[in-house]
Amino acid sequence: MSRWAALPAELDPRVRQLVVRLRRLKDHSGLSLRGLAGRTEYSPKSWERYLGGRSLPPRAAVEALARVGGEDPTRLLALHEVAAEAWSRRRGGVTAAGPETFRCPTWRHRERRSRNRPRLGRSS
């Protein structure tokens, strides 16, 4: 079994419950994050964020992990629904932009500069 880092202290208990359940399922599968990524559509870094409580996994990722673990996804999806509601309330509402909007409030996202956008102060 894996040794997991502690989840963020400010993580809502409903989100924590989902993450702990997903961690157990992942551990039970015997797969590494890389192995899990190879069997799902999500990268090892994505699984690291989801299982670390830094991002709420999309519904499809929860279903994929259930399939890999040989478990019926119904209960996990119910946990996910409750966790998603709790996550969105903490963040002040859900946006329609997709799974990347479900960031943990402590996670700091750096805006990436577009390659096509000219940099200020540089002449071409």
Side-chain angles (χ1 to χ4, degrees):
M1 286 238 197
S2 299
R3 288 210 168 222
W4 293 101
L7 291 170
E10 64 279 354
L11 200 61
D12 186 281
R14 294 164 289 189
V15 177
R16 182 178 301 275
Q17 184 179 5
L18 173 66
V19 172
V20 167
R21 185 68 190 101
L22 293 176
R23 283 176 168 190
R24 285 185 192 143
L25 189 55
K26 184 261 179 208
D27 288 344
H28 182 70
S29 75
L31 295 171
S32 65
L33 291 177
R34 191 174 192 164
L36 183 58
R39 293 190 178 192
T40 65
E41 299 176 11
Y42 301 91
S43 72
K45 285 289 186 185
S46 292
W47 283 114
E48 188 177 311
R49 285 192 312 271
Y50 304 152
L51 297 172
R54 292 188 315 255
S55 292
L56 185 70
R59 181 182 171 91
V62 173
E63 285 181 287
L65 183 52
R67 275 194 314 274
V68 167
E71 200 171 289
D72 179 12
T74 307
R75 287 186 182 188
L76 281 176
L77 291 174
L79 280 176
H80 180 269
E81 187 174 326
V82 170
E85 185 176 320
W87 192 284
S88 68
R89 283 186 180 163
R90 174 150 187 158
R91 299 209 15 110
V94 177
T95 63
E100 291 303 311
T101 62
F102 294 119
R103 293 267 186 228
C104 181
T106 61
W107 191 79
R108 306 231 190 295
H109 179 70
R110 287 187 229 163
E111 185 178 331
R112 293 185 180 161
R113 188 179 297 274
S114 171
R115 290 182 184 174
N116 297 329
R117 192 169 119 201
R119 293 184 179 191
L120 297 176
R122 294 182 75 168
S123 58
S124 348

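Sequence positions, counted from 1, serve as the residue numbers for this chain. The structure displayed is predicted, hence computed values, not measured ones.
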- request: Find out if a path of hydrophobic residues (ILVMFWY) with successive side-chain heavy-atom gaps under 4.5 Å connects Val82 to Leu77.
  value: no
message: When you compare the side chain of Val20 with that of Leu7, does any pair of heavy atoms fall below 4.5 Å?
response: yes
query: Do Trp47 and Leu31 belong to the same hydrophobic cluster, where Ile, Leu, Val, Met, Phe, Trp and Tyr are linked whenever their side-chain heavy atoms lie under 4.5 Å apart, directly or via other members?
result: yes
query: Would you call Glu63 and Arg67 a salt bridge, using N to O less than 4.0 angstrom?
result: no
message: Is the shortest side-chain heavy-atom distance between Leu51 and Leu33 below 4.5 Å?
response: yes
message: With a 4.0 Å cut-off on N to O distance, would you call Arg59 and Glu81 a salt bridge?
response: no
statement: Minimal heavy-atom distance between Ala37 and Ser43, with the atoms involved, is CB-C, 3.8 Å
Verdict with reasoning, Leu25 to Leu76, per side-chain contact (heavy atoms from CB on, under 4.5 Å): CA-CA 10 Å; Leu25 189 55; Leu76 281 176; 3.6 Å; yes
task: Mind listing the closest non-hydrogen atom pair of Arg34 and Pro44 along with its distance?
output: CA-CG, 4.0 Å
Test side chain to side chain donor-acceptor pair (under 3.5 Å) applied to Arg21 - qualifying residues, sequence neighbours left out: Glu71
message: Hydrophobic cluster membership, with links at side-chain heavy-atom distances under 4.5 Å among I/L/V/M/F/W/Y: are Trp4 and Leu36 in one?
response: yes
- prompt: In Å, rounded to the nearest 0.5 Å, how long is the span from CG of Leu11 to CG of Leu56?
  reply: 9.0 Å
message: Using every non-hydrogen atom in the two residues, find where Ala60 and Tyr42 come nearest and quote the distance to one decimal.
response: CB-OH, 3.2 Å
query: At their closest point, which heavy atom of Ala83 faces which heavy atom of Arg14, and how far apart are they?
result: CB-O, 3.8 Å
- line: Nearest heavy-atom approach of Ser32 to Gly35 is OG-N, 3.0 Å
- request: Specify the closest pair of heavy atoms between Leu22 and Pro57, including all atoms of both residues, with the distance to one decimal.
  value: CD1-CG, 3.8 Å
